*Asks:* 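Quick one: the structure is below, questions incoming.
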Amino acid sequence: MTEPSEETTGARSRAGSAGDQDRSERRLTRRGWTLLVSGALFVAFALVGFFIPVPYVAISPGPTYDTLGKDAAGQSVIQVNGHEIFQTSGELRMTTVSLRDGGITLFNALGLWASGRYALAPREEYFKPGETNEQVRQENIQQLQDSQTAAQVAALRRKFPVKVLAKTIVSGSPADKVLAPGDRLLVVNGKTVTDATEVRAALNGTKPGQTVQITFKSDGQAERTVPLTLAQRPDGPEGFMGLTAVDRADVPFDVKISLQDVGGPSAGLMFALAIVDKMEPGDLAGGRHIAGTGEISEKGVVGAIGGISFKVVGAREAGATDFLVPAHNCAEAKTAAPEGLNLIKVSTLDEAIAQLENLKVGRPTATC
């Protein structure tokens with residue numbers, strides 16, 4: 001056996017040192033690991049930000065529609081058949097809010113918010129759990145139709161009588177199988193009814209099990225008087241017939257409101273004003289560009305609505321100089337109203353008409 005030479009031992013030692021150095025260089029430093037992990041997190045965040053939707057909706061000013069003008073199909077928004085209509089000038093614009101839903105990612109949301117034109121809100125504030133976009137659309141359409149009916153009644157009752165109709169009949173109630181939706185109610189418990197609120201009032205003091213007489217008229221048939229044995233009312237001590245009543249204009253002509261691709265109840269005031277402007281002399285708009293909003297009851301009471309801060313912006317962008325604001329929305333409207341838009345506070349249809357008359361002749365208006 002021979003001993004390894006000093007030269008051989010030194011060579012091995014140098015080879016070992018070089019191998020250790022290579023392995024050491026191949027190991028990541030703490031800084032390298034930090035950069036690697038940070039890069040991976042950035043990529044993951046970017047993927048989430050660009051592609052994963054967030055449960056929010058974006059709200060912005062929507063289009064406006066002149067209720068004295070025509071719809072997208074070229075038809076008059078307010079159509080009156082069988083009655084004189086009067087010349088109008090100017091505009092009475094209803095306002096809307098646009099709601100963007102679906103496909104909003106985190107980065108989309110940040111961009112929309114930063115633009116200053118959009119607001120973000122949790123989706124659950126506008127969509128019930130499990131509710132589809134189509135279901136919401138149908139609800140909005142129904143609300144629009146109800147607001148159109150209320151607007152017609154509110155506008156026409158200023159000059160014409162109203163009639164009281166059965167709206168819904170409760171299944172299994174005393175009225176079930178006796179009356180039907182649309183039947184005209186004339187006398188309840190010996191009291192003539194000329195307003196829907198008088199139907200329930202006519203049962204004040206009655207008790208379950210008591211029999212009352214009701215006179216009504218079905219379409220195309222003669223008046224009938226029948227006895228009804230009252231049931232227990234679920235929300236009060238008096239007797240219960242099992243129907244709800246509504247007011248409708250008792251007129252020999254037709255008023256139709258034609259407007260597509262919008263929904264919700266907040267156009268009622270502007271529909272009612274347009275009907276009055278067309279059916280009564282006086283030219284309410286008086287050549288001015290007027291916008292507004294407000295839910296309306298069949299008795300002409302103007303109720304608060306949502307999205308007023310977006311509606312005043314949309315109105316001004318459409319050229320409106322004056323905006324009719326429900327009284328309960330005044331504080332919010334003032335904080336968002338663009339320069340050059342005059343806010344006019346209203347609580348009823350009659351107040352709105354009076355304020356437009358003031359505006360036309362140069363008198364002061366009730367401002368927010």
Side-chain angles (χ1 to χ4, degrees), residues 128-129 131 135 138-139 142-158 160-219 221-250 264-266 268-269 272 294-306 326-328 347-351:
K128 300 173 187 175
E131 192 173 41
Q135 288 173 321
Q138 291 299 327
E139 289 174 7
Q142 185 60 56
Q143 289 176 341
L144 177 67
Q145 292 172 345
D146 291 344
S147 76
Q148 291 174 344
T149 300
Q152 292 178 34
V153 176
L156 295 177
R157 75 188 307 155
R158 286 168 44 84
F160 301 97
V162 296
K163 56 187 175 183
V164 183
L165 304 182
K167 181 181 181 182
T168 58
I169 307 294
V170 177
S171 178
S173 69
D176 192 20
K177 312 296 186 196
V178 179
L179 290 94
D183 285 349
R184 182 172 183 175
L185 306 177
L186 302 169
V187 182
V188 176
N189 194 26
K191 300 177 178 66
T192 300
V193 293
T194 59
D195 185 282
T197 59
E198 295 173 351
V199 174
R200 179 165 179 174
L203 297 180
N204 288 343
T206 62
K207 297 179 180 180
Q210 180 178 338
T211 299
V212 299
Q213 301 290 321
I214 180 169
T215 301
F216 66 98
K217 185 177 186 300
S218 300
D219 190 31
Q221 299 182 21
E223 291 182 13
R224 286 194 295 157
T225 300
V226 298
L228 288 182
T229 301
L230 302 177
Q232 174 68 56
R233 176 173 288 279
D235 57 350
E238 68 269 20
F240 179 61
M241 288 193 299
L243 62 81
T244 58
V246 293
D247 293 333
R248 292 292 181 263
D250 188 13
S266 63
L269 172 62
E295 189 171 354
I296 200 165
S297 74
E298 293 166 347
K299 291 191 174 181
V301 177
V302 178
I305 50 84
H328 293 295
S347 298
T348 67
L349 175 61
D350 287 344
E351 277 186 17

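Given the structure is predicted, the values throughout are model-derived calculations rather than measurements.
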*Asks:* Mind listing the closest non-hydrogen atom pair of Gln143 and Pro265 along with its distance?
*Replies:* OE1-CD, 3.5 Å
*Asks:* Side chains of Val187 and Thr192: closer than 4.5 Å at any heavy-atom pair?
*Replies:*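 Yes, their side chains come closer than 4.5 Å.
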*Asks:* Got a donor-acceptor contact below 3.5 angstrom from the Gln210 side chain to the Thr206 backbone?
*Replies:*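 Answer holds: no.
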*Asks:* Got a second to check how far Leu349's CG is from Ile296's CD1, nearest 0.5 Å?
*Replies:*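 The CD1 atom of Ile296 is 4.5 Å from CG of Leu349, to the nearest 0.5 Å.
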*Asks:* So how far is it from Gln213 CD to Lys191 NZ, rounded to the nearest 0.5 Å?
*Replies:*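 Between atom CD of Gln213 and atom NZ of Lys191 there are 13.0 Å.
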*Asks:* Does any non-hydrogen side-chain atom of Val226 lie less than 4.5 Å from one of Phe216?
*Replies:* yes
*Asks:* Would Leu230 and Met241 satisfy side chain to side chain contact (heavy atoms under 4.5 Å, CB included), going step by step from the backbone distance to the final call?
*Replies:* CA-CA 6 Å; Leu230 302 177; Met241 288 193 299; 3.7 Å; yes
*Asks:* List the atom of Gly294, the atom of Pro326, and the distance in Å for their closest heavy-atom pair.
*Replies:* CA-CG, 3.7 Å
*Asks:* If you look at every heavy atom in Pro174 and Phe240, which pair is closest and at what distance?
*Replies:* CG-O, 3.4 Å
*Asks:* Taking the side chain as C-beta and beyond, is there a heavy-atom pair between Asp176 and Ser171 under 4.5 Å?
*Replies:*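 Side chain of Asp176 against side chain of Ser171, heavy atoms only: contact under 4.5 Å found.
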*Asks:* Which heavy atom in Ala196 sits nearest to a heavy atom in Ala245, and how many Å separate them?
*Replies:*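 Shortest heavy-atom contact: CB-O, 3.6 Å.
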*Asks:* So, are Asp195 and Lys299 salt-bridged, with charged N and O less than 4.0 Å apart?
*Replies:*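 Answer for the salt bridge query: yes.
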*Asks:* Which heavy atom in Ala166 sits nearest to a heavy atom in Ala180, and how many Å separate them?
*Replies:*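 Smallest heavy-atom distance, with atoms named: CB-O, 3.9 Å.
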*Asks:* Taking the side chain as C-beta and beyond, is there a heavy-atom pair between Arg158 and Asp350 under 4.5 Å?
*Replies:* yes
*Asks:* Given 3.5 Å as the limit, does a donor-acceptor pair link the side chain of Thr348 with the main chain of Gly300, or not?
*Replies:*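 No: the side chain of Thr348 does not pair with the backbone of Gly300.
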*Asks:* Would you indicate whether the side-chain heavy atoms of Val164 and Asp247 approach each other to under 4.5 Å?
*Replies:* yes
*Asks:* Would you mind checking if Arg200 and Asp235 are paired as a salt bridge, meaning a charged N to carboxylate O distance below 4.0 Å?
*Replies:* yes
*Asks:* Would you mind telling me which of Val199, Ile214, Thr215 makes a side-chain contact (heavy atoms from CB on, under 4.5 Å) with Val193?
*Replies:* Val199
*Asks:* Rounded to the nearest 0.5 Å, what separates atom CZ in Arg224 from atom CG in Leu186?
*Replies:*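 Spacing of CZ (Arg224) from CG (Leu186) equals 12.0 Å.
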*Asks:* Evaluate whether atom NZ of Lys207 has more than 12 neighbouring non-hydrogen atoms of other residues, nucleotides or ligands under 6.0 angstrom away.
*Replies:*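 No, not enclosed.
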*Asks:* Using 0.5 Å steps for rounding, measure from the CG atom of Asn189 to the OG1 atom of Thr211.
*Replies:*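 Taking CG in Asn189 and OG1 in Thr211, the distance rounds to 10.5 Å.
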*Asks:* If you round to the nearest 0.5 Å, how far is CZ of Arg184 from NZ of Lys217?
*Replies:* 8.0 Å
*Asks:* State whether the number of non-hydrogen atoms from other residues, nucleotides or ligands found under 6.0 Å of Lys167 atom NZ is greater than 12.
*Replies:* no
*Asks:* Looking at Gln232 and Pro208, what are the two nearest heavy atoms and their distance?
*Replies:*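 Looking at all heavy atoms of both residues, the closest pair is OE1-CG, 3.2 Å.
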*Asks:* Rounded to the nearest 0.5 Å, how far apart are CD of Glu295 and CG of Leu269?
*Replies:*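 Rounded to the nearest 0.5 Å, the CD-CG separation comes out at 11.0 Å.
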*Asks:* With a 4.5 Å limit on heavy-atom distance, are the side chains of Leu185 and Leu179 in contact?
*Replies:*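 A side-chain contact exists here, since the closest heavy-atom pair is under 4.5 Å.
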